[in-house]
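Both counts, for ligands and for their atoms, begin at 1 and track the order of listing.
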Amino acid sequence: MVPSAAAYTLSNARLHFSLTPGFDAVFDEDGFALADLSIADGRIAAISRAAKSRVDVAGEGSDLGGRIVMPCFVDCHTHLDKGHIWPRRRNPDGSFMGALNAVAADRAANWTADDVRARMAFGLGCALAHGTKAIRTHLDSIAPQETISWPVFEELRADWKGRIVLQAACLVGIETVRDEAFFAALAKRVARAGGVLGCVTYMVPDLDQLLDRVFRAAIDHGLDLDFHADETDDVEAVSLRRIADKALEHGFEGRILAGHCCSLARQPDAEVLETLDRVARAGVAVVSLPMCNMYLQDRRQDGTTPRWRGVTLLHEMKARGIEVAVASDNTRDPFYAYGDLDMLEVYRQATRTIHFDHPVADWPATVGPTPAQIMRLPGYGMLAAGGAADFIVFRGRSWTELLSRPESDRTVVRDGRAIETRVPDYAELDVLAGKG
Ligand SMILES: [Zn+2]
């Protein structure tokens with residue numbers, strides 16, 4: 001479907017307005033318009049309205065017949081370091097605490113540099129094959145894991161340069177910030193790696209003081225912030241609001257991303273809207289992790305059925321101008337037993353869970369330009385003349401065709417050329433599974 005020549009044209013590609021900011025066309029009710037994509041030397045030379053006749057398109061080319069073309073994905077919240085430990089450490093009951101304890105035990109027993117590297121590289125291979133170009137991963141950074149995982153991250157970031165842009169945020173519980181010396185050293189380590197300062201926030205009594213320390217460290221080192229906030233159904237969990245308040249108080253000028261924010265969906269409307277107004281004012285972006293939320297939230301141990309979706313209020317957020325994204329989160333570990341870092345799957349599940357449809361509007365931006373902005377990657381997650389020819393050609397020609405099948409036969413193009421899209425074989429991980 002994609003010629004191997006250095007210069008070619010893909011005619012009748014179906015492009016979405018939210019992913020093609022410079023494309024001047026008349027878009028249909030689904031947000032699509034047909035285009036001719038001219039590629040030269042690994043870059044997009046031009047995006048023009050589809051020519052009426054093939055004669056207008058000169059040189060090498062292929063007619064896509066209206067297939068959807070999307071820019072390579074940006075996945076702004078993952079846990080590559082936890083990925084694929086399921087075969088040796090499962091979640092005993094599917095609960096959040098079950099996940100936390102199982103991961104802690106596995107980390108202590110098994111997370112050597114070799115083990116972390118092998119699983120992270122496997123995850124990167126899956127993401128690349130599915131069409132992802134940039135990933136932010138959290139790295140469990142509770143001592144002594146930070147001394148193991150951060151060097152592995154730096155190594156992999158260099159190895160994968162040109163294939164996947166890799167970012168990392170440290171992950172510790174907010175109570176770890178009480179250890180002033182450890183947290184100061186961690187912030188320094190993160191800064192040295194060009195990383196992002198992160199932690200998990202919940203309602204500890206000294207939350208405000210600890211957040212002050214987090215914000216001060218970020219300001220001192222010029223770091224962006226990334227929180228796991230309120231991943232719970234507890235209506236009392238309001239750490240997102242505290243984060244927004246602290247951002248305003250400190251006049252924080254870096255970027256802040258908050259993940260999960262599940263408890264918002266359980267709180268009274270007036271309280272929720274007040275929180276979101278503050279989040280909007282503070283410029284905090286939010287990423288929802290629909291697959292992991294469906295798995296962990298409202299998990300019941302009494303044989304009854306879950307009654308809510310677990311996801312946060314992206315519609316209300318977007319209406320207030322808050323930047324919103326969706327992302328993969330965990331893959332085959334005790335926090336989520338499934339997943340393969342396929343952002344099309346994430347988008348499909350988000351469509352079903354959060355209603356990214358009727359109308360689709362600009363929701364596709366949640367897997368492209370918006371996470372790219374959050375990760376400070378200008379030009380990523382979009383198709384534009386002059387930009388890199390990094391895109392995915394799907395079989396589907398409409399949203400219902402695209403989202404009804406796994407699209408395992410998609411074509412991923414990087415620097416203008418189709419790449420291998422076979423995902424890594426699970427058997428490669430068998431050697432790691434034997435460890436108890
Ligand atoms: Zn997470």
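Shortest distance from the Zn ion (ligand 1) to His77 is reached at NE2 (N/O/S atoms only). The Zn ion (ligand 1) lies closest to atom OD1 when only the N/O/S atoms of Asp329 are considered.
Contact annotation: His79 places an N, O or S atom under 2.8 Å from the Zn ion (ligand 1). Backbone or side-chain N, O or S atoms of His228 reach the Zn ion (ligand 1) at under 2.8 Å.
Using modelled atom types and a 3.5 Å distance limit, the side chains of Asp230 and Ser239 yield a donor-acceptor pair.
Relative ring orientation between Phe356 and Tyr347 is described as tilted, the plane-to-plane angle lying within the 30° to 60° band.
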Practice task
Would you check, one step at a time, whether the test ring pair (Phe, Tyr, Trp, His ring centres under 6.0 Å) holds for His315 with His355?
Solution key: CA-CA 9 Å; His315 288 267; His355 290 174; 7.4 Å; no
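The side-chain tip of Lys82 does not point at the ring of Trp111 from less than 6.0 angstrom away and within 45° of straight on.
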